[in-house]
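Computed from a predicted model, the values in this text were never measured in an experiment. Computed from heavy atoms alone, side chains included, the values below leave out hydrogens, waters and symmetry copies. Below, read A as the first sequence line, B as the second, and so on, with proteins coming before strands; counting in each chain starts at 1.
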Amino acid sequence: MAEKQLRRNLAVLPIGTVMKLTGQTARQIRYYESQELVLPERTPGHQRLFSLNDVDRLLEIKDYLAEGATMVQIRQIYRKQAQKMQQRHLTDTKARQLLAEEMLSVGGLVGQRPSISQSSKLY
DNA sequence: ATTCTCACA
DNA sequence: TGTGAGCA
């Protein structure tokens, strides 16, 4: 299931394709990028390459706008979403550290080589 | 043919 | 947000 998500994040669509897929103009798409609402990659020649997730994001923006939302509000929506994602990541990291320490204490005498600080970095 | 950045009779 | 200019 992680493999599929990886493909959705593959940046392979040039702006022309994204325009047709979202019905937005290149001007708008580039503007949304300047607002950091989408983060397309670049080819060696500086051309934007969007992923399917970027397209979904643009479609979402289109809906929010249609519902009367302003760019400020939309930006707020995503920055809060990013905050929660980060918090979830932090609690995950904390849980993994606890698990790592737990495994070390249970393993006790066995793995006393790596210090806790070093081994936790592996997760 | 396409996309990019920049600027505005 | 549109549009034309001059590049890559």
Side-chain angles (χ1 to χ4, degrees):
Chain A
M1 189 106 263
E3 184 67 25
K4 190 176 182 180
Q5 191 61 354
L6 218 157
R7 300 189 194 202
R8 294 188 65 71
N9 283 315
L10 275 187
V12 291
L13 316 177
I15 200 169
T17 304
V18 178
M19 288 174 65
K20 292 174 182 175
L21 255 29
T22 65
Q24 295 166 321
T25 66
R27 181 79 163 83
Q28 292 176 302
I29 297 172
R30 295 184 184 122
Y31 173 66
Y32 301 146
E33 178 193 20
S34 76
Q35 298 305 295
E36 300 179 276
L37 295 176
V38 285
L39 40 148
E41 286 173 25
R42 296 292 182 124
T43 66
H46 304 152
Q47 293 194 303
R48 275 167 263 253
L49 287 183
F50 300 78
S51 69
L52 292 175
N53 281 328
D54 287 328
V55 173
D56 286 341
R57 170 66 68 91
L58 288 171
L59 255 17
E60 268 186 59
I61 296 171
K62 187 180 181 185
D63 288 338
Y64 282 133
L65 253 27
E67 292 172 30
T70 67
M71 290 301 294
V72 219
Q73 297 176 308
I74 296 178
R75 292 186 58 176
Q76 189 180 76
I77 291 175
Y78 289 125
R79 67 173 171 70
K80 287 193 174 182
Q81 205 169 73
Q83 279 180 31
K84 295 190 176 182
M85 288 282 282
Q86 182 173 310
Q87 283 177 37
R88 188 168 66 70
H89 177 273
L90 287 178
T91 57
D92 269 20
T93 300
K94 192 174 300 175
R96 294 187 183 194
Q97 289 181 338
L98 290 177
L99 178 58
E101 291 174 23
E102 189 68 22
M103 293 183 76
L104 283 179
S105 66
V106 170
L109 309 170
V110 184
Q112 272 198 325
R113 322 295 297 187
S115 71
I116 301 180
S117 62
Q118 290 178 315
S119 62
S120 52
K121 284 181 180 178
L122 297 177
Y123 298 82

**Item:** Heavy-atom closest contact (A:Gly23 atom, A:Lys62 atom, distance)
**Value:**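 Looking at all heavy atoms of both residues, the closest pair is CA-NZ, 4.4 Å.
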
**Message:** Looking at every non-hydrogen atom in both residues, tell me the closest pair between A:Arg8 and A:Ser51 and how far apart they are.
**Reply:**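 Taking every non-hydrogen atom into account, O-CB, 3.2 Å.
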
How far does [atom1] of [X] sit from [atom2] of [Y], to the nearest 0.5 angstrom?
X	Y	atom1	atom2	result
A:Leu13	A:Asp54	CG	CG	8.0 Å
A:Asp92	A:Leu99	CG	CG	11.5 Å
A:Arg75	A:Ile61	CZ	CD1	11.5 Å

**Fill in**
Taking Watson-Crick and G-U wobble contacts under 3.5 angstrom, with | marking pairs to another strand and [ ] crossing pairs, the secondary structure of DNA chain B is written .|.|||||.

**Message:** Under 6.0 Å from the ring centre and within 45 degrees of the ring axis: does the NZ or CZ of A:Arg57 meet both conditions for the six-membered ring of A:Tyr78?
**Reply:**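 The answer is yes; both the distance and angle limits are met.
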
**Short side-chain N/O contact to C:dG2 OP1/OP2 from A:Thr25, under 4.0 Å** =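 It does, given that an N or O in the side chain of A:Thr25 lies less than 4.0 Å from OP1 or OP2 of C:dG2.
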
**Message:** Walk me through whether A:His89 and A:Met85 qualify under side chain to side chain contact (heavy atoms under 4.5 Å, CB included).
**Reply:** CA-CA 6 Å; A:His89 177 273; A:Met85 288 282 282; over 6 Å; no

**Message:** Can you build the contact string for nucleotides 2-9 of chain B? Use B for base contact, S for sugar-phosphate-only contact, and - for no protein heavy atom under 4.0 Å.
**Reply:** BSSB----

**Check: A:Leu98 main-chain N/O paired with A:Glu101 side-chain donor or acceptor under 3.5 Å** =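 Here the side-chain-to-backbone pair does not exist.
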
